Amino acid sequence: MWLSKSVRVSLLPSIAKFPPFLPMHNSLFCSHSHSQTSLYDEAVSQFNNLLRERHVPPIFEFGKILGFLVRMKQYPTAISLIKQMELKGIHNDLANLNLLINCFCHLHKLALAFSVFAKILKQGYHPNAITLNTLMRGLCDKGEVKEALNLHDKVVAIGFRLDEFTYPILINALSKIGEIEAAIKLFRTIQDPSTVMYSIIIDCLLKEKHPQEAYDFYFEMVIKGISPDVVTYSTLIYGFCLVGQVEVAVGFLNEMLSNNITPDVYTYTILIDALCKEKKLGEAKNVLSVMLKAYVKPNVVCFNALMDGYYLVNKVKNIKQVFSAMTHMGVSPNVRTYTIMINGLIRNERVDEAINLFQEMPSRNILPNSVTYSTLIDGLCKTGRISHAWDLFHEMHDRNQQADVITYSSLIDALCKNHHLDKAIELLRKMGRLNNAQEIFQDLLNKVHNLNISTYNAMINGLCREGLLDEALTLWSKMEDCGCLSNAITFEIIIFALFKMGETEKAEKFLHKMIARLVEMMKGDTLFQ
DNA sequence: TTAGGGTTAG
């Protein structure tokens, strides 16, 4: 009921009036002739020209170029150019030193970032809000949110004035680590929260599935006269689609249109993705044509969402159409495009085509990541091609792509089902060396069921041999809980391992348990096998 | 010239 006023007439019927497919030859969307590389080369060569001038040009001339390189995410280059300036005896100003901090932060080299900060202080510059905001963002990006908050508290305590950019950084960081209460608490300390701050809180609440609270924040900002912008609306549309309230999302879309806020590529992509996930491909396509008519160029994310949708409804043929439209518009596929295609082909039982696509990736300069590997490994496992999956598992390891709980689960599941216990144990051994071994092991426990006693014994033995005694005992409990009672071999494995690890007390307990079980079985006139 | 929020894959 609380949303009835904001939900206007559904836009979907009006979208449906648009023609079914799009004019792909629109020259406005074709790729530009200036490549990123040439702009980069141009910037570096201009910088070198500045360095060669007889009279040192104003520092901000260097700064302009450095700023451009930072926007292009060319952090190592920017760092090396700043070093060259210093080698020539040109002193950087505060702006350039801030920029250097920014580069180190993006490369997660916080120690170096802080050493520049020390240099700023040593040279007698007064750090400004940008300096501190950049450092705080660097800490947050590295997961050191507490340290960022400490830094904030310290500088505020000495009377330093931060600015409107500071709080979005901190609130967002708290939100992203799930500390929503702390995020809201910090938000409430700010006198005049901005649209950005409201958007962050709304986004977080919706992602944590608290639509009512999110709506309350939205309502509060409107009442206070703080206008929601295209990001706020896109966030609301995304979040309400996420909690399954698509009609509310459409209401927000209508509201943003009547407030003359133009949807951008994010807004349209969010809608296209939501419709695709509901298998409403016709409507998704219509949103795409509305988008094109509004001269908003779809990006790779948008095409990826659409392709995933087509696979979901098994329309493999349409993928080629989308793929060529994408290429025609100068949008390059990325690793997710390939992963979506590989996954879609597997879902449509076209594993060989998926393998071909996977093999084509390096020639396109796109390297498979752990999701790509896991997707293909899972497909191979499910179609019984275990040895190929096993090879890929080793390949991903060699190429520094970390296997995770999903990769291990697929493989262990398949190996257990196909009686390749030796290999399952080899995996358990690898798991033991991982940070998230416990998580993977829990998942494994959920997956293994209906195994027979010799399978359990083999796995327990494997775990014991690797010194993973806790895991072995957990598996033992699970086995007994499942009604698969230990036999003499099970006890022997566990008792031997416990003695070997010096856990004499536990070993003796097991010994007693074994004897008691033996007596019990003899009483019941059952042979102890 | 430098700093803040929203979209896609197993």
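First the proteins, then the strands, lettered A, B, ... as listed; each starts at 1. Please read all numbers here as calculations on a predicted model, not as lab measurements.
- Picking from B:dA9, B:dG6, B:dG5 the nucleotide with the shortest atom distance to the side chain of A:V196 gives B:dG5.
- Within the structure, every side-chain polar atom (N or O) of A:K176 is placed at least 4.0 Å from both OP1 and OP2 of B:dG4.
- Rounded to whole angstrom, the span from the CZ atom of A:R71 across to the C1' atom of B:dA3 amounts to 13 Å.
- The aromatic ring centres of A:F47 and A:F62 sit less than 6.0 Å apart.
- Atom pair A:N128:CG and B:dT2:C1' shows a separation of 9 Å (rounding to whole Å applied).
- Judged by atom type and distance alone, A:T375 does not reach the base of B:dG10 through any side-chain donor-acceptor pair under 3.5 Å.
- What separates CG of A:L206 from C1' of B:dG5 is a distance of 13 Å, to the nearest Å.
- For A:F104 and A:Y75, the ring centers are positioned 6.0 Å apart or more.
- If you check B:dT7, B:dG5, B:dT2 against the side chain of A:A95, the one that comes closest is B:dT2.
- In the interface, the side chain of A:N102 is not paired with the base of B:dA3 through any donor and acceptor atom under 3.5 Å apart.
- Nucleotide B:dA3 holds its C1' atom 6 Å from the CD1 atom of A:I169, rounded to whole Å.
- As judged by a 4.0 angstrom heavy-atom cut-off over every strand, A:D264 is placed among the base-contacting residues.
- Phosphate proximity of B:dT8 to A:Y238: present, with a side-chain N or O under 4.0 Å from OP1 or OP2.
- In this structure, A:M221 atom CE and B:dG5 atom P are separated by 16 Å, rounded to whole Å.
- Using a 4.0 Å heavy-atom cutoff across all strands shown, A:T166 reaches no nucleic acid atom at all.
- Checked against a 6.0 Å centroid threshold, the rings of A:Y198 and A:Y218 do not count as neighbours.
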Given side-chain hydrogen bond (donor to acceptor under 3.5 Å, both in side chains), test A:E53 with A:N49 step by step and report yes or no. CA-CA 7 Å; A:E53 281 189 27; A:N49 289 342; over 6 Å; no
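- A:I226 places its CD1 atom 14 Å from the C1' atom of B:dG5, with the value rounded to the nearest Å.
- Between A:K277 and the phosphate of B:dA9, there is a side-chain N or O to OP1/OP2 separation shorter than 4.0 Å.
- Looking at A:N133, its side chain has no donor and acceptor atom pair within 3.5 Å of the base of B:dG4.
- Ranking B:dT8, B:dG4, B:dG5 by closeness to the A:R336 side chain, first place goes to B:dT8.
- Ring centers of A:H328 and A:F323: at least 6.0 Å apart, outside the cut-off.
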